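To start, the structure itself, in structure tokens.
All figures in this text were calculated on a predicted structure; none of them were measured in a lab.
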Amino acid sequence: MGAMLVKRASAAGLVVEGVDVPLTPEKLAKACAEAHMAIICVPAAVFDDVTTAVCPHLPPTAVLVDITSVKEQPLRQMERIWPGPVVGTHPLFGPSPEPEADLPVAITPGHHTAQDHLALVENFFADLGCRTFLTTAEKHDQAMARIQNMNFITNLAYFALLAGQDDLLPFLTPSFRRRQNSARKMLTEDARLFAGLFEANAHSHEAVRQFRQMLNLAAAGDIDLLCERAGWWWPEEVATGEEKQ
């Protein structure tokens, strides 16, 4: 994501400099000397260490920004380390979006954040072709616990349940294979990343408990109720189906 942001910012004519590992004091001092904004683009597991290394080299007026998929924890970490303005962001897309894709970015203000600091961050992402919206860290993490983390954990549990059952292989259907293909990268290349995001989000386990309630409805045979609730996502198709009946 960091490389993608640098590439898009450079293409937009912004003055930007990326620093990759090893993050030596010499490299950081050169890159951060006149920075108006520093965006920390690292996994949640190393976020605290990297931020601690970067901050001593920033001008006191610089805005410290993150792009992680969880907001409450990194905001607390940044506010503990950096006495200046802090803003949390989450680009809700991957590092290789389609050319015409919508590029929403959640913005969560932290401490000492004035309107001009928010404007700096919002304008940066706008110059990259993104669409920003303001929210709170708590609302963001509650949403991501349900959207991102439950997508990961339900796929993980489902394929773990079926693992090792060779007798199932002759029965695989096209819909199963579509789900298998959709989940492949998440459960192989990105499994550790998503597992870390699940654990870093304080709302993940509550989302699992709520999902368990839906499974209990299925176990009790309340399939029609679940279908009715799920139909909320496709109101036009549901209405068309009801008319045909």
Side-chain angles (χ1 to χ4, degrees), residues 1-6 18 20-21 23 37-55 63-82 84-97 101-113 117-118 121-122 124-125 128 130-157 183 185-212:
M1 286 295 290
M4 181 273 290
L5 292 177
V6 169
D20 205 347
V21 291
L23 300 177
M37 177 174 63
I39 306 178
I40 310 298
C41 307
V42 298
V46 297
F47 183 82
D48 196 69
D49 291 341
V50 171
T51 305
T52 299
V54 169
C55 284
V63 182
L64 184 65
V65 179
D66 81 300
I67 63 162
T68 57
S69 300
V70 62
K71 292 272 70 74
E72 290 177 297
Q73 179 173 300
L75 272 177
R76 287 194 298 267
Q77 291 172 320
M78 290 192 293
E79 289 171 348
R80 174 177 52 80
I81 297 168
W82 183 239
V86 166
V87 177
T89 79
H90 181 195
L92 294 161
F93 51 89
S96 303
D102 182 34
L103 303 177
V105 180
I107 306 288
T108 58
H111 73 180
H112 307 312
T113 302
H117 303 131
L118 281 177
V121 177
E122 291 175 321
F124 171 80
F125 283 105
L128 271 57
C130 301
R131 170 179 60 85
T132 63
F133 65 96
L134 287 175
T135 185
T136 66
E138 182 180 20
K139 286 182 178 179
H140 171 277
D141 285 4
Q142 287 174 340
M144 295 316 297
R146 289 156 179 77
I147 297 296
Q148 185 180 63
N149 294 350
M150 286 305 299
N151 186 35
F152 166 69
I153 212 69
T154 54
N155 273 317
L156 179 65
K185 185 175 184 295
M186 174 185 290
L187 299 184
T188 55
E189 298 176 35
D190 299 335
R192 293 183 64 183
L193 169 65
F194 280 104
L197 293 172
F198 181 90
E199 293 300 335
N201 191 324
H203 305 279
S204 294
H205 295 283
E206 175 58 27
V208 171
R209 286 190 286 270
Q210 292 176 354
F211 184 71
R212 186 186 300 153

Roughly how far apart are [X] [atom1] and [Y] [atom2], rounded to 0.5 Å?
X: Arg146; Y: Phe211; atom1: CZ; atom2: CZ; answer: 13.0 Å
X: Lys139; Y: Thr108; atom1: NZ; atom2: OG1; answer: 12.5 Å
X: Ser69; Y: Asn149; atom1: OG; atom2: CG; answer: 8.5 Å
X: Thr52; Y: Leu23; atom1: OG1; atom2: CG; answer: 12.0 Å

*Can you tell which of Thr113, Thr135, Leu134 makes a side-chain contact (heavy atoms from CB on, under 4.5 Å) with Ile107?*
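Among Thr113, Thr135, Leu134, the one meeting side-chain contact (heavy atoms from CB on, under 4.5 Å) with Ile107 is Leu134.
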Identify the heavy atoms of [X] and [Y] that sit nearest to each other, and give their distance.
X: His112; Y: Pro85; result: O-CB, 3.3 Å
X: Ala145; Y: Asn201; result: N-ND2, 3.6 Å
X: Ser204; Y: Phe198; result: OG-O, 2.8 Å
X: Cys130; Y: Val105; result: CB-CG2, 3.7 Å
X: Thr68; Y: Asp66; result: OG1-OD2, 2.5 Å
X: Asp48; Y: Ile81; result: OD1-CD1, 3.6 Å

*Taking it one step at a time, do Val50 and Val54 satisfy side chain to side chain contact (heavy atoms under 4.5 Å, CB included)?*
CA-CA 6 Å; Val50 171; Val54 169; 4.2 Å; yes
*asked:* For Met144 and Leu92: C-alpha separation, side-chain torsions, deciding distance, then whether side chain to side chain contact (heavy atoms under 4.5 Å, CB included) applies.
replied: CA-CA 10 Å; Met144 295 316 297; Leu92 294 161; 3.9 Å; yes
Do [X] and [Y] come close enough that some side-chain heavy atom pair is under 4.5 Å?
X: Leu128; Y: Leu103; result: no
X: Phe125; Y: Leu5; result: yes
X: Thr51; Y: Gln77; result: no
X: Phe124; Y: Ile39; result: yes
X: Met150; Y: Gln210; result: no

_Please check this pair: side chain of His111 against backbone of Met78, looking for a donor-acceptor N/O pair closer than 3.5 Å._
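Not a single qualifying donor-acceptor pair exists.
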*asked:* Using modelled atom types and a 3.5 Å cut-off, is there a donor and acceptor pairing between side-chain atoms of Asn151 and backbone atoms of Ile147?
replied: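 Between the backbone of Ile147 and the side chain of Asn151 there is no qualifying donor-acceptor contact (under 3.5 Å).
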*With sequence neighbours excluded, residues passing side chain to side chain donor-acceptor pair (under 3.5 Å) with Arg76*: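 So Arg76 forms no side chain to side chain donor-acceptor pair (under 3.5 Å) with any residue.
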_Derivation and outcome, salt bridge (Lys or Arg N to Asp or Glu O under 4.0 Å), residues Lys71 and Asp141_ = CA-CA 6 Å; Lys71 292 272 70 74; Asp141 285 4; over 6 Å; no
*Could you tell me how the ring of His140 sits relative to the ring of His90: parallel (under 30°), tilted (30 to 60°) or perpendicular (over 60°)?*
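His140 and His90: perpendicular rings.
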